[in-house]
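Chain naming here is simple, since letters A, B, ... match the order of the sequence lines and numbering starts at 1 in each.
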Protein chains: 4
Amino acid sequence: MRKQRDGAGTKEIVIAAAKAAFAERGFSGTSLAYISRQCGISEGLILHHYKSKQGLYQAVLEELSVGYDDMLVQAMTGAENPDEMAGNMLAATFRFWSEDRVYNRIAMWAYLENRTELIAAETALTAKLAGLLTEMQKQGRVDAAFSPLTLLTMTIGPIHFWTRYREQFKRALGLEGTMDELNRRFLQEYMSLIEKLYRPVTGSAGETS
Amino acid sequence: MRKQRDGAGTKEIVIAAAKAAFAERGFSGTSLAYISRQCGISEGLILHHYKSKQGLYQAVLEELSVGYDDMLVQAMTGAENPDEMAGNMLAATFRFWSEDRVYNRIAMWAYLENRTELIAAETALTAKLAGLLTEMQKQGRVDAAFSPLTLLTMTIGPIHFWTRYREQFKRALGLEGTMDELNRRFLQEYMSLIEKLYRPVTGSAGETS
Amino acid sequence: MRKQRDGAGTKEIVIAAAKAAFAERGFSGTSLAYISRQCGISEGLILHHYKSKQGLYQAVLEELSVGYDDMLVQAMTGAENPDEMAGNMLAATFRFWSEDRVYNRIAMWAYLENRTELIAAETALTAKLAGLLTEMQKQGRVDAAFSPLTLLTMTIGPIHFWTRYREQFKRALGLEGTMDELNRRFLQEYMSLIEKLYRPVTGSAGETS
Amino acid sequence: MRKQRDGAGTKEIVIAAAKAAFAERGFSGTSLAYISRQCGISEGLILHHYKSKQGLYQAVLEELSVGYDDMLVQAMTGAENPDEMAGNMLAATFRFWSEDRVYNRIAMWAYLENRTELIAAETALTAKLAGLLTEMQKQGRVDAAFSPLTLLTMTIGPIHFWTRYREQFKRALGLEGTMDELNRRFLQEYMSLIEKLYRPVTGSAGETS
DNA sequence: TATGAATGAGGGTTCATTCAT
DNA sequence: GATGAATGAACCCTCATTCAT
């Protein structure tokens, strides 16, 4: 019986519940009744604000997309050279994928459902990073023998993979430590490996010397 | 219609349709009515053979799991040394993920739906590969500075990533050539990079010292 | 809990209830729940047999259309000359419109809802009668000064009108007698008037002079 | 939007949209949301002015009824004898039914929905015309062999019928000319036929001989 | 007067499942 | 083994209406 007449507030409550629900169960696995139950707002009112279940989903996706954009912009500002910027963006990406379970899962659902709403932001990231890599290759700081896209795939792929399988690895392989510790350890090794990957194959004279 | 009393044949037809449907639309996005329409077998009969929608899904997952196992076994046999075996398995994995859209997608749906049916096979692969890597590290043929699990993540992660994003990359970045060509080119660079990644850091001066 | 597994029987029961309901309340004024309640057959089962509310409505319209056709055919057979046939058809039409409240009303609803399902049969009647009239005009038995279509309008229009307004007339003008008696009296006068209408203007003196 | 505090203007806009909507789709086929969309006035405000959907419908019916009355009064005034008055009323009725699609259709919906709001005016017309006919019969100018009500039915019925079926006739029978022309042609023949119908059977010589 | 938030009932339809045949 | 009749719950959505602002 929420008689508060607070449209904006209501929408926020609804979208929070929807985000969680869609993340956990996907679009067709989530019913409006469920969301309604979760946030205590009647189905009718939800529909009043978002027109349809699709509309609500879209709103969720758009919010997530904006969040991704913000993350990117934040990661890009303040860096003094391509190296630093690339590093920042990588770290931010890792943090985002690794920590934001909701984004993480909804992105997968959306992919499977052939939704394109989230793709723009992710593609922007890829393009930006590809540009940075190209520049770094020109400066001789990144191995120029490989296409930036492949390098990116080698870079971001493991992050996604780790995020998706880490729990299963922990369980199946009996890894010790908390997930936080595992994450830290992985990140450390990962960074070293990325460096190894990018490092130009030196000639006689070492360039990093 | 089909009054052939051919249980086995019917089951095959049903499971093929179910596989395609679940791959495309996920479990809750797929209705028995849809599957029934796709394969021309009545819902009643489908249920007769598989007890429930869940049962049918399970059967699909199990078949996929068996297929994965077979792929693995085949990749492992005939190799004469860990290097070759590892290479074979990697190539097979790439082929499997890259080409089997159905497995690919169902594995993702299943992951999101917290299903464990497909995980066993994948974990077995990981464990096996980890074992091989450890051995190769002992033999000094793989950089021993990193844990096998991290190396694996760096190895398989890009395959998944590439499979998931390649089409979007092609579209968004305007890549030229057919997808087959792109795949080939990627695979070539990928292999080189994997080698670079694994290669022990040689040289007179010890690197971890 | 009708566990009779009698598809055809069920469909009949449903369509009878639907006919009555649609006649009384129109398409959008009738809910499946109402029909379901009226005939004791679950909404689910109704939809199982007729796919949709529209499908059910269509089935009703088609049945009525067939009924109309049958009436026509029956009226046309057995007559020995155009006069008799025309008379028969007129009488049958009167009886049909006058007595079949369900057809009567559904035809009106359907007209308002821009449905064409019932029009074919009615148009067929008009065309047939127009043909008969033309022939009778050639034989000099019907006034040739008017187009058959106008004559038909003058003929059938009053039937529809009478059917629609008779109750109201009875009430508002305080007519005595049962509706049956009123009907009989009207029909008698109506027939005389039709004859007067059709009768060629004879005599030595030209009629249009 | 419209913060003009113009109650009367608002009501006019609403009722115009409502009239059109109810004419096209009937009462239960029309939603307040639809009317609101059509005229750009919020559902809340519509309800504020008309209390309920029923109230709005009633207002529409009353307006139409008043329009009918006006038409009648106008047709009745200025005539110098029963003949002229009857002629005027007939012509007005024809014009009204023939041209006012909205009245035409709403009257049918209302009839089917057992609404009585429009009946009073129509009954008044009938009564008035019946009175005129009686008088004309007394004066020997109209065939006294038939009851005025039957004569009226023969007179007005064809108008309704023509209005309802003319388009279908045009299409199905391939009539040439615009609808306007068809209307004119029909009206001309109709008037002659009405005259023929009313004309007292004269003369010493028996007419049916 | 005017809006739009909020409600709750009911709309048609889909769904997985059971069961008689 | 195979069909389709039958069910009942749930689904998304529309509806008329109320009420705070």
Between S42(A) and dT7(E), is there a side-chain N or O to OP1/OP2 distance below 4.0 Å? yes
Between E113(B), E62(B), E117(B), which is the residue that forms a side-chain hydrogen bond (donor to acceptor under 3.5 Å, both in side chains) with Y57(B)? E113(B)
Presence of S31(A) side-chain N/O under 4.0 Å of dA10(F) phosphate oxygens OP1/OP2: no
Any base atoms under 4.0 Å from L47(C), or only sugar-phosphate, or nothing? Heavy atoms, all strands. base
Think T10(A) has a side-chain N or O under 4.0 angstrom from the OP1 or OP2 of dA6(E)? yes
Determine whether the side chains of Q168(A) and Y111(B) contain a donor N or O and an acceptor N or O closer than 3.5 Å. no
Identify whether any heavy atom of H48(D) sits under 4.0 Å from a base atom; if not, whether one sits that close to sugar-phosphate; answer base, sugar-phosphate or nothing. base
Please give, in whole Å, the distance from dA6(F) P to D6(C) CG? 7 Å
Pair assignment for dA20(E), Watson-Crick or G-U wobble, requiring both distances under 3.5 Å: dT3(F)
Can you tell me the distance, in whole Å, between the NE2 atom of H49(C) and the C1' atom of dT7(F)? 12 Å
Is there a donor-acceptor pair closer than 3.5 Å between any side-chain N or O of K53(C) and the backbone N or O of F27(C)? yes
Result for 5'-nearest mapping on DNA chain E, choosing between E43(C) and K53(B), is E43(C)
Base dA5(F) paired with R5(C) side chain (donor-acceptor, <3.5 Å): yes
Side-chain heavy-atom pair L118(D), Y103(D) within 4.5 angstrom cut-off: yes
N/O donor-acceptor pair under 3.5 Å between T123(C) side chain and I119(C) backbone: yes
Select base, sugar-phosphate, or nothing to describe what T30(A) touches, counting heavy atoms under 4.0 Å on all strands. sugar-phosphate
Whole-Å distance, F27(C) CZ to dG11(E) P, equals 13 Å
Ranking I46(C) and G44(B) by the position along DNA chain F of their nearest nucleotide, the one closer to 5' is G44(B)
May I have the distance from L32(C) (atom CG) to dA10(F) (atom P), rounded to whole angstrom? 20 Å
Could you tell me the Watson-Crick or G-U partner of dG10(E), where both distances fall under 3.5 Å? Say none if there is no partner. dC13(F)
